[in-house]
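The structure appears below as structure tokens.
Residue numbering restarts at 1 for every chain, and letters A, B, ... go by the order of the sequence lines. This is a predicted model, so every value here is computed, not measured.
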Number of protein chains: 2
Amino acid sequence: MRQEKRERHTKILTALSGASSVRVAELARQFGVSTETIRRDFDELTRGGQLSRTYGGAVRTLDSRHHGEAERQSILLAERQRIAKATVDEVADARILLIGCGATAVQVARQVAARLKDITVVTHSFAVAAAVGVNHLVEVMMIPGLYHPAKASTTGGHAIVFLQSLYADYVILGASGVTQDGPGDSLPEIAAVNTAMMSRAARCVIAADQSKFNLSSSTRYADWPQVSTFVTDAAPPAELQKTLESNRVKLLVA
Amino acid sequence: MRQEKRERHTKILTALSGASSVRVAELARQFGVSTETIRRDFDELTRGGQLSRTYGGAVRTLDSRHHGEAERQSILLAERQRIAKATVDEVADARILLIGCGATAVQVARQVAARLKDITVVTHSFAVAAAVGVNHLVEVMMIPGLYHPAKASTTGGHAIVFLQSLYADYVILGASGVTQDGPGDSLPEIAAVNTAMMSRAARCVIAADQSKFNLSSSTRYADWPQVSTFVTDAAPPAELQKTLESNRVKLLVA
DNA sequence: TGAAAATTGTGGAAATTCCAACAATTGCAT
DNA sequence: ATGCAATTGTTGGAATTTCCACAATTTTCA
């Protein structure tokens, strides 16, 4: 049965929520499958961003709930905040704002909550909704869809259909990789929603820190001609910068 | 020098806060010491409870504070869990399940994630979505709408319109008050969504602990004839029990 | 200073994991 | 039914880790 693989996957995740790490050999014995199968399961779940491998096993990827993540992100927190401020400056005249998901998007959401009012924010990210929600002068609209655990956001057909029926002044999106071809996300489901968002907004702002430069291990969700502004925290590589210019993308280095 | 060991220990912990796992060989190379030394460092830090070993490396021990937080959410946790278990028993044959918001609903969501599969859960609560989302065999559909900060859930016209277009086998709702007139919620926006949910499900299960009995400071969102089952943790007052009987509401005391 | 204690390095055998290629099996569609 | 694609098992060799005993070095303190 094809179902068995998915069952194993959830069992792995379940085991991982009860222990800080699991081992290939242990799970293979426990599930009655070969170690290679577990190894392959790990590969898939790694691609999905749900766990990360160790030698001989795997550990849960730290989601936002975990303390360590906050610490890890705090390394880039200052950069993200600078990026977020510049981004919000750029869209300060918006009345309807689409915001994607990701750590940078959350910082943008915080800035929006702190500085804007009389505005409607539409998002598919739980974290963004919660961050903007603290300001009662900002209306937050949640996009429907299938819940995506790795990113705590909604995806899929419902999300895309919902987006078709609305208009926004700006869309602000993060990226897990930015190449000369365009910005991308590691998860195809998220990339699809991003694409749909872009089609509904008059202008598009991409916000990503320098660590994303030339990271292509991701699904591209837009081409540069569709992007109005790219906000980052350091000068991009020459070729990328050239591509931006030739596509008339406004570059903001915060 | 004795200092070097402690330095290494802090460096190990630092490295561990920047990555989800570290490897013996890697650290040995990085610190310029033998792998045995790193191994012994790991042993000590493990005894101190600061990390836990994996084959070939180590990971940070999960912060028990985080787990405790959700548990500490209420003294009524045990009761809520009993109620949740009985509730899930009641809807175990469902293929599409609507779940409302609130602390009890979250416990139900946990039970669903732990025990059911091949099912679709539709909800407007962030917490419920996150709780069910850990099980990848359960599809979680998020309802759109205006974000309601107090309950971390969606409300309003978009939510209600969205609900009109779907069908569910069961709807499970909490309540902030349960009177002879019916279950109610303290927030009108939530009550409206609850009402809409009820109209789309074949059967309705209300789950509420005894502290909600005869609490009428709320907006009633349903009449008893619409309710199939009422799950609670103690025998309700005589009059309420009588009302349930006369409306053929199945009473479950967990 | 000198000896005990703590710390670290070394070396080799045993156990474990990884990887890649290939075979067997299962589910699904034409 | 037949063929294709996806999933899983198997195998063997290379690479890595572990474990243990013992030696070398440094620290402590009497």
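Within 6.0 Å of NZ on A:Lys11 lie more than 12 heavy atoms contributed by other residues, nucleotides or ligands.
Checked against the 6.0 Å centroid criterion, the rings of B:Phe126 and B:Tyr147 qualify as a close aromatic pair.
Side-chain atoms of A:Tyr55 lie closest to D:dA15 of the nucleotides D:dA15, C:dG9, D:dG9.
Residue-to-nucleotide proximity on DNA chain C shows that, of A:Ala25 and A:Arg40, the 5′-proximal contact is made by A:Ala25.
For A:Arg23, a side-chain nitrogen or oxygen approaches OP1 or OP2 of C:dT17 to under 4.0 Å. Proximity of A:Ser34 to the phosphate of D:dG9: a side-chain N or O atom is located under 4.0 Å from OP1 or OP2. Distances shown here put every side-chain N or O of B:Arg8 at or beyond 4.0 Å from the OP1 or OP2 atom of C:dT7.
If you measure from atom CZ of B:Phe31 to atom P of C:dG9, you get 13 Å, rounded to the nearest angstrom. Look at CG on B:Asp43: it is 16 Å from P on C:dA6, rounded to the nearest Å. In this structure, the CD atom of B:Glu44 is 12 Å from the P atom of C:dA6, given to the nearest Å. We find that CD of B:Glu26 is positioned 16 Å from C1' of D:dA15, with the value rounded to whole Å. Taking atom CD1 of A:Ile38 as the reference point, atom P of C:dC19 lies 16 Å away to the nearest angstrom. The distance from atom CD of A:Glu36 to atom P of C:dT16 is 16 Å, rounded to the nearest whole Å.
Nearest heavy-atom pair across B:Gly133 and A:Pro149 is O-CG, 3.3 Å. When all heavy atoms of A:Met197 and A:Leu98 are compared, the pair lying nearest together is O-CD1, 3.6 Å.
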